A.B. asks: 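Before we start, here is the structure in question, set down as structure tokens.
Being a predicted model, the structure only gives us computed values, none of them experimental. Chain A is the first sequence line, chain B the second, and so forth, proteins listed ahead of strands; every chain is numbered from 1.
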Amino acid sequence: MKLPKVYEPGQYESDIYALWEKSGAFRPTDSDKHFSIVMPPPNANGNLHIGHGLTLAIEDVMIRHHRLKGESALFVPGADHAGFETWTVYEKELAKQGKSRFDFSREQLYEQIWDFVSLNKGNYQQQFRQLGASVDWEHYTYTLDEKVVKQAHATFRKMFEQSLIYRAEKLISYCTFHGTGFADIEVTHKEEQGHLWYITYPLTDGSGELTVATARPETLFGDAAVAVHPDDKRYSKFLGKTVKLPLTNREIPVIADDFVDPKFGTGAVKITPAHNQTDFEVGKRHDLPMIRVINSEGFINTDMPEAYRGLTVDEARERSVADLKEQGLLVKTEAIVHSVGHCYKCDTVIQPLLREQWFVDMQTLVKPAIAALKANKISFQPAAKQQQLITYFENTRDWNISRQIAWGIPIPAFQNVDEPDDWIVDERVAEEFLQVGDKTYRRDPDVFDTWFSSSSWPYATLNFPDGEEFKKFYPLSVMESGHDILFAWVSRMIVFGLYNTGEVPFTSVYLHGMIQDEHGQKMSKSKGNVVNPIEKVLQYGSDAFRMGIIADETAGANRPYDESKLVGARNFANKLWNIARYIESLVGDVTEREAPKSQSAADHWVLGKLQQTQERLTKQLDSNRLSEAYDTLYHFVWDDVADWYIEASKAQPNLPLLMHVLESTLLLAHPFAPFLTETIWQTLAWEQDSILAKRTYAEPLDFSKQQMANFTEIMTIVSEVRLILNSLKASGVTLHYTDAPFITDNAASIKQLTRLRAVVEAPSGTGLSLTSTKHKTWLDIDQATAAAYVKDLEEQGTKQAAAIKQLEGRLANKGYVANAPEAIIAQTKAQLTEAKQVLENIEREKLRFS
RNA sequence: GGGUGAUUAGCUCAUUUGGCUAGAGCGCCUCAUUGACGUUGAGGAGGUGAGAGGUUCGAAUCCUCUAUCGCCCACCA
């Protein structure tokens with residue numbers, strides 16, 4: 001088959017993927033060794049972004065590698081309904097149509113979003129294929145598939161029955177724009193310029209006054225007390241008395257509590273239990289009333305003083321400051337920088353609001369997870385994440401899982417319409433009301449935090465508890481994900497996995513970093529600096545995208561996008577293509593293969609390199625060092641195979657061996673360049689099947705170490721000759737040598753590699769002797785031309801002398817000789833001997849020409 | 001406030017139990033070349049490994065401090 005000069009990926013990729021899919025090659029085999037990855041499901045509300053491209057590239061390299069190790073590999077694809085994320089995307093869609101969520105019922109919204117997401121799910125599947133993801137489509141799972149929903153409901157029921165999920169009225173982080181509560185982890189804290197207002201609270205008995213400092217004067221209407229530190233002498237006389245709350249004249253007590261920092265502000269703190277987390281705790285300790293000032297839309301409540309009702313928080317703040325000032329109760333205003341919680345989507349300031357929600361008792365659930373992590377049941381890349389996760393677990397608080405949005409999995413809980421504290425769990429969430437005996441129950445209108453259901457992803461996808469997949473592939477071999485969702489997702493999968501299955505859900509975690517734009521800025525649609533992976537696939541080819549994006553990959557590290565890496569990978573793909581093109585042009589239409597047999601030193605050498613590379617690559621891929629593995633492959637293919645072996649072989653081509661090298665190389669390259677290697681494989685006249693049918697890397701062939709060393713020496717000679725010819729601009733030169741049979745055997749290769757006129761054995765002669773070999777070799781360059789080389793020789797001599805001095809110094813060091821391992825010392829000695837030999841040669845040459 | 005990561009060639013980054021002359025890609029310079037490939041080949045320049053100190057026979061690697069940048073977590077009003 002005749003191949004075109006340049007590899008054009010676009011012409012082959014979709015056909016190749018179709019071929020794979022048809023052949024069922026992505027399904028697990030019956031091998032006893034299992035390897036499994038479940039894809040972190042992309043949010044089905046848009047297109048894949050560069051992070052997904054990276055994720056799929058990493059995971060697919062892993063899975064293809066393990067397949068080629070003969071293991072039964074399962075790669076499960078999926079898509080995420082992504083509750084709140086999709087909700088915000090859809091709200092923007094609605095806004096484009098001039099509508100909002102208030103124009104529809106929850107049921108209508110749910111249906112509309114369902115359709116919206118269905119479109120995108122289709123996109124994704126197409127894009128996974130374009131990226132070459134060798135996923136098992138039969139296991140494709142959507143997070144609203146019945147099995148996932150069932151698992152979420154089952155988890156809820158189990159936890160509810162074990163009192164690990166409870167209903168409580170607590171302060172939660174609430175976004176008044178989106179109209180929903182959040183988990184703590186979803187709030188973004190930002191340092192902001194603010195003010196500290198010092199406000200006077202007069203004692204009710206008229207005996208004096210207190211000054212409190214607050215950043216939120218508008219919450220004053222919800223004050224339930226003023227707190228001071230119990231040991232603060234300044235305030236001891238106020239304890240037990242009451243103060244009159246400005247602007248309303250309500251009486252509140254002065255209390256003592258340890259949490260107060262006497263050095264901050266005035267040392268007296270207003271306590272607003274319904275709008276501040278700390279104050280909430282204080283309120284509970286002192287049994288204070290919880291007065292709600294702000295409602296869930298972010299306005300001042302209707303039972304507040306008339307002038308404030310319906311104002312926004314900002315308006316109420318401004319007004320309260322003005323009013324206090326007018327009444328002479330504002331002592332001073334101080335500028336401060338403090339941390340303020342924001343909605344991570346819309347940046348609205350988060351309000352701590354009192355609400356009744358479902359909470360997961362994390363303190364209890366986290367214990368087995370901490371134990372598992374401490375027992376190293378899960379290995380982490382980067383390793384530091386393990387301890388970070390333990391620390392996170394140790395400090396985690398109960399998890400609010402109720403979301404007041406339409407899009408998500410309904411919480412299977414029903415409330416007795418007559419007795420609010422009477423809740424039952426029931427999976428019939430399609431019903432709004434349930435009749436149990438003479439009681440009527442109404443479904444909780446809320447849906448789950450998406451992460452609640454995705455916490456069961458590793459086994460829900462494997463048909464827990466009875467699925468064959470679960471039995472074979474759980475725990476997963478690797479959980480590969482972005483480091484940004486370590487806490488939100490990875491942590492909870494561990495907790496839930498242990499809770500539901502009694503086992504860790506995966507035995508290793510690989511976290512990749514974020515790809516930033518070329519200037520190191522975070523990529524975002526609003527900044528307009530996003531890179532579309534599919535565009536890059538179309539531009540450079542899927543394999544080039546994959547290799548280019550992996551070329552810089554280090555676990556956990558963020559890094560800028562570097563398009564030159566993609567270009568380099570595209571060139572690399574083309575190099576491999578041309579290696580195949582050359583070998584196939586020699587082989588012709590031969591459909592039968594002779595057993596490969598090495599003849600030349602180069603043959604032995606390339607087999608040795610092949611074996612080394614295979615070992616190294618396997619080791620690197622086994623330990624997920626993908627960029628190193630790619631580097632290994634790159635240099636083997638380009639330097640060893642193309643630039644040395646093929647060039648050398650042109651003098652005496654060994655066809656069966658070239659064929660063997662090509663096949664072995666294609667297999668090694670396959671995890672990195674699946675499309676290309678398969679495309680080439682399809683053109684091999686002597687191979688009928690898909691490369692995927694191989695299911696194992698090539699068997700290494702025997703080679704002679706002596707012959708390999710001979711070729712290494714030839715390489716040294718070639719390099720020196722090239723250097724000299726380059727330096728002297730000499731041409732038509734002949735290399736003479738004495739007493740080196742292996743040079744005779746490889747004379748043609750040397751000639752080919754150096755473009756010398758000839759390589760000839762001769763008993764003796766004059767000319768420019770090579771200094772890098774112990775064999776007697778010389779170039780027939782005349783004295784005058786060669787003299788110009790003396791300058792180069794001098795430089796080399798200086799370098800060698802310095803190296804010798806260093807090596808000698810090392811060996812003269814008693815501590816070194818006494819303490820260093822023998823192998824290292826032997827190595828140093830060998831280096832010294834060689835360096836001395838080379839220097840001697842150089843000196844001799846210098847003498848002859850100067 | 002508490003953690004944590006980084007700082008290596010012009011640029012982007014590697015270097016895993018401390019031990020070859022600290023590497024790669026891109027860029028740069030010189031040269032080559034009509035049958036595998038210009039998405040090529042050969043050769044080359046370029047680094048006191050952020051700074052200071054310490055441990056060690058030996059440090060980019062371990063320890064301490066300093067500087068700069070980044071990330072994560074946090075209920076100080």
A.B. asks: Name the closest nucleotide to the A/Asn574 side chain, picking from B/C13, B/G19, B/U39.
C.D. replies: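 Closest nucleotide to the A/Asn574 side chain: B/U39.
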
A.B. asks: Expressed as a whole number of Å, how far does the P atom of B/A24 sit from that of B/A9?
C.D. replies: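 The answer is 14 Å between these two P atoms.
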
A.B. asks: Determine the minimum heavy-atom distance between A/Leu196 and A/Ala213, stating which atoms define it.
C.D. replies: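 Between these two residues, the closest heavy atoms are CG-CB, 4.0 Å.
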
A.B. asks: Inspect the contact between A/Glu334 and A/Lys332 and indicate whether a charged nitrogen and a carboxylate oxygen are less than 4.0 angstrom apart.
C.D. replies: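 Judged by the 4.0 Å cut-off on N to carboxylate O distance, A/Lys332 and A/Glu334 do form a salt bridge.
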
A.B. asks: Quick one: is A/Ser627 getting a side-chain N or O under 4.0 Å of the B/C13 phosphate, OP1 or OP2?
C.D. replies: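 Answer no for this pair, as no side-chain N or O of A/Ser627 is under 4.0 Å from OP1 or OP2.
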
A.B. asks: Using atom C1' of each nucleotide, how far apart are B/U39 and B/G44 to the nearest Å?
C.D. replies: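 Those two atoms are separated by 23 Å.
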
A.B. asks: In the 5'-to-3' direction, what one-character label does each nucleotide of nucleotides 70-77 of chain B receive under the scheme B = base within less than 4.0 Å of a protein heavy atom, S = sugar-phosphate only, - = no such atom?
C.D. replies: --SSBBBB

A.B. asks: Which nucleotide wins on minimum distance to the side chain of A/Pro560, given the candidates B/G25, B/G19, B/U12?
C.D. replies: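 So the nucleotide nearest the side chain must be B/U12.
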
A.B. asks: Map A/Ala642 and A/Asn813 onto RNA chain B by nearest heavy atom, then report which one ends up closer to the 5' terminus.
C.D. replies: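 This one resolves to A/Ala642.
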
A.B. asks: Identify, between A/His635 and A/Glu8, the residue whose nearest nucleotide on RNA chain B lies closer to the 5' end.
C.D. replies: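 Upstream on the strand: A/His635.
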
A.B. asks: Base, sugar-phosphate, or nothing: which does A/Leu723 touch, judged by heavy atoms less than 4.0 Å apart?
C.D. replies: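 Sugar-phosphate: the residue A/Leu723, judged by heavy atoms under 4.0 Å, touches backbone atoms but no base.
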
A.B. asks: Between A/Thr214, A/Asp223, A/Thr278, which is the residue that forms a side chain to side chain donor-acceptor pair (under 3.5 Å) with A/Thr272?
C.D. replies: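 Checked A/Thr214, A/Asp223, A/Thr278 against A/Thr272; only one passes side chain to side chain donor-acceptor pair (under 3.5 Å): A/Asp223.
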
A.B. asks: Determine, step by step, whether A/Thr771 and A/Glu720 satisfy the side chain to side chain donor-acceptor pair (under 3.5 Å) criterion, reporting the C-alpha distance in whole Å, the side-chain angles of both residues, the deciding distance to 0.1 Å, and the verdict.
C.D. replies: CA-CA 8 Å; A/Thr771 59; A/Glu720 190 181 357; 3.0 Å; yes

A.B. asks: State whether A/Asn571 places a side-chain N or O below 4.0 Å from either non-bridging phosphate oxygen (OP1 or OP2) of B/U40.
C.D. replies: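 Yes, such a contact exists.
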
A.B. asks: May I ask you to list the residues of residues 825-832 of chain A, by number, that have any heavy atom positioned under 4.0 Å from an atom of RNA chain B?
C.D. replies: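 Residues of residues 825-832 of chain A that come under 4.0 Å of RNA chain B are, in numerical order, A/Gln827, A/Gln831.
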
A.B. asks: Within the structure shown, what part of the strands sits under 4.0 Å from A/Arg570 by heavy-atom distance: base, sugar-phosphate, or nothing?
C.D. replies: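 Answer is base: heavy atoms of A/Arg570 come under 4.0 Å of a base.
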
A.B. asks: Has A/Asn819 got a side-chain N or O lying under 4.0 Å from the OP1 or OP2 atom of B/C57?
C.D. replies: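 True: A/Asn819 side-chain N/O within range (under 4.0 Å) of B/C57 OP1/OP2.
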
A.B. asks: Side chains of A/Phe380 and A/Leu373: does their closest heavy-atom pair fall under 4.5 Å?
C.D. replies: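 Touching, per the 4.5 Å side-chain cut-off.
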
A.B. asks: Give the rounded distance in Å between these two atoms: CD1 of A/Ile724 and C1' of B/G43.
C.D. replies: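 Rounded to whole Å, this separation is 13 Å.
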
A.B. asks: Should the heavy atoms of other residues, nucleotides or ligands under 6.0 Å from CZ of A/Arg755 be counted, would the total exceed 12?
C.D. replies: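 Counting other residues, nucleotides and ligands, CZ of A/Arg755 stays at 12 neighbours or fewer.
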
A.B. asks: Between the base of B/A32 and the side chain of A/Lys729, is there a donor and acceptor pair under 3.5 angstrom?
C.D. replies: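 Result: no qualifying N/O pair found.
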
A.B. asks: Could you work out the separation of B/G2 and B/C13 based on their P atoms and round it to a whole Å?
C.D. replies: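 It works out to 29 Å between them.
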
A.B. asks: Using the C1' atom in both, what is the distance from B/U17 to B/U61, to the nearest Å?
C.D. replies: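 Those two atoms are separated by 11 Å.
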
A.B. asks: For A/Ile549, run the side-chain contact (heavy atoms from CB on, under 4.5 Å) check against A/Ile515, A/Val531, A/Asp562 and tell me which one passes.
C.D. replies: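 The passing option is A/Ile515.
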
A.B. asks: Taking the side chain of A/Arg625 as heavy atoms from C-beta outward, which of B/U16, B/C57, B/U21 is closest to it?
C.D. replies: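 For the A/Arg625 side chain, the nearest candidate turns out to be B/U16.
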
A.B. asks: Taking atom C1' of B/C11 as reference, at what distance in whole Å does atom CZ of A/Arg559 sit?
C.D. replies: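 Value for this atom pair: 16 Å.
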
A.B. asks: Is a donor-acceptor pair below 3.5 Å formed from side chain A/Lys575 to base B/C37, judging by atom type as modelled?
C.D. replies: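 Answer yes: a donor N or O sits under 3.5 Å from an acceptor.
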
A.B. asks: Any salt bridge between A/Glu808 and A/Lys805, counting N to O under 4.0 Å?
C.D. replies: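 The answer is no: the pair does not qualify as a salt bridge.
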
A.B. asks: Is a donor-acceptor pair below 3.5 Å formed from side chain A/Glu647 to base B/A42, judging by atom type as modelled?
C.D. replies: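 Answer is no: no donor-acceptor pair is held.
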
A.B. asks: Rounded to whole Å, please give me the gap between CG in A/Leu728 and P in B/G44.
C.D. replies: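 Going from CG in A/Leu728 over to P in B/G44 covers 14 Å.
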
A.B. asks: Have A/Gln539 and A/Lys536 got a donor and an acceptor in their side chains that come within less than 3.5 Å?
C.D. replies: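 Their side chains do contain a donor-acceptor pair, which is all the 3.5 Å distance test asks for.
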
A.B. asks: Nearest whole angstrom, please: distance from the P of B/G58 to the NZ of A/Lys814.
C.D. replies: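 Spelled out: NZ on A/Lys814 to P on B/G58 is 15 Å.
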
A.B. asks: For A/Val838 versus A/Ser772, what's the shortest heavy-atom pair and its separation?
C.D. replies: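 Shortest heavy-atom contact: CG2-CA, 4.5 Å.
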
A.B. asks: In which stems does RNA chain B show up, taking only runs of three or more Watson-Crick or G-U wobble pairs whose two distances fall under 3.5 Å?
C.D. replies: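 When the pairs of RNA chain B are grouped into runs of at least three, the stems are B:1-7 with B:67-73, B:10-13 with B:23-26, B:28-32 with B:40-44, B:50-54 with B:62-66.
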
A.B. asks: How long is the line joining CG of A/Asp639 and C1' of B/G41, in whole Å?
C.D. replies: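 It is 12 Å, rounded to the nearest whole Å.
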
A.B. asks: Looking at A/Glu218 and A/Arg216, is any side-chain nitrogen of the basic one under 4.0 Å from a carboxylate oxygen of the acidic one?
C.D. replies: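 Yes, A/Arg216 and A/Glu218 are salt-bridged.
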
A.B. asks: Assess whether atom CD of A/Gln652 is packed by more than 12 heavy atoms of other residues, nucleotides or ligands within 6.0 Å.
C.D. replies: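 Yes - once you tally the heavy atoms of other residues, nucleotides and ligands closer than 6.0 Å, there are more than 12.
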
A.B. asks: Please report the distance, rounded to the nearest Å, between CE in A/Met715 and P in B/G43.
C.D. replies: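 Whole-Å distance recorded here is 10 Å.
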
A.B. asks: Identify whether any heavy atom of A/Arg755 sits under 4.0 Å from a base atom; if not, whether one sits that close to sugar-phosphate; answer base, sugar-phosphate or nothing.
C.D. replies: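 Nothing, no nucleic acid heavy atom in range.
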
A.B. asks: Could you tell me whether A/Arg559 atom CZ has more than 12 heavy atoms of other residues or ligands within 6.0 Å of it?
C.D. replies: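 More than 12 within 6.0 Å, yes.
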
A.B. asks: When the P atoms of B/C63 and B/G19 are compared, how many Å lie between them, rounded to an integer?
C.D. replies: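 Between the two P atoms, the distance is 15 Å.
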
A.B. asks: At under 4.0 Å between heavy atoms, what does A/Ala818 touch on the DNA or RNA strands: base, sugar-phosphate, or nothing?
C.D. replies: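 The residue A/Ala818 makes no contact with any strand.
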
A.B. asks: Rounded to the nearest angstrom, tell me the gap between atom CD1 in A/Ile824 and atom P in B/U17.
C.D. replies: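 Spelled out: CD1 on A/Ile824 to P on B/U17 is 11 Å.
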
A.B. asks: Roughly how many Å apart are B/G54 and B/C69, using the C1' atom of each and rounding to a whole number?
C.D. replies: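 Approximately 26 Å lies between the C1' atom of B/C69 and that of B/G54.
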
A.B. asks: Tell me which nucleotide among B/G41, B/C57, B/U21 gets nearest to the side chain of A/Trp638.
C.D. replies: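 It is B/G41.
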
A.B. asks: By nearest atom, which of the nucleotides B/U39, B/C26, B/U12 is closest to the A/Asp562 side chain?
C.D. replies: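 My answer, after comparing the listed nucleotides, is B/U12.
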
A.B. asks: Counting side-chain heavy atoms from CB outward, which of B/U39, B/A36, B/C57 is closest to A/Tyr816?
C.D. replies: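 Among B/U39, B/A36, B/C57, the one nearest the side chain of A/Tyr816 is B/C57.
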
A.B. asks: Using a cut-off of 4.0 Å on non-hydrogen atoms, how would the nucleic acid contact of A/Lys650 be classed: base, sugar-phosphate, or nothing?
C.D. replies: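 Answer is base: heavy atoms of A/Lys650 come under 4.0 Å of a base.
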
A.B. asks: Please report the distance separating the C1' of B/G51 from the corresponding atom of B/G46, rounded so that it comes out in whole Å.
C.D. replies: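 Pairwise C1' distance, B/G51 against B/G46, rounds to 23 Å.
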
A.B. asks: Mind calculating the distance between CD (A/Glu795) and P (B/G44) to the nearest angstrom?
C.D. replies: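 Distance, rounded to whole Å: 11 Å.
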
A.B. asks: Do you know which of A/Val226, A/Val269, A/Val331 makes side-chain contact (heavy atoms from CB on, under 4.5 Å) with A/Val212?
C.D. replies: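 By the side-chain contact (heavy atoms from CB on, under 4.5 Å) criterion, A/Val212 pairs with just one of A/Val226, A/Val269, A/Val331: A/Val226.
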
A.B. asks: Is there a ring-ring contact (aromatic ring centres under 6.0 Å, His included) between A/Phe572 and A/Tyr634? Walk through the geometry before answering.
C.D. replies: CA-CA 7 Å; A/Phe572 176 58; A/Tyr634 183 96; 5.0 Å; yes

A.B. asks: Determine the interatomic distance between P on B/A50 and the same-named atom on B/C11; round to the nearest Å.
C.D. replies: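 These two P atoms come out 14 Å apart once rounded.
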
A.B. asks: Would you indicate what A/Pro352 reaches in the nucleic acid, counting non-hydrogen atoms under 4.0 angstrom: base, sugar-phosphate, or nothing?
C.D. replies: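 A/Pro352: no heavy atom of the nucleic acid under 4.0 Å.
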
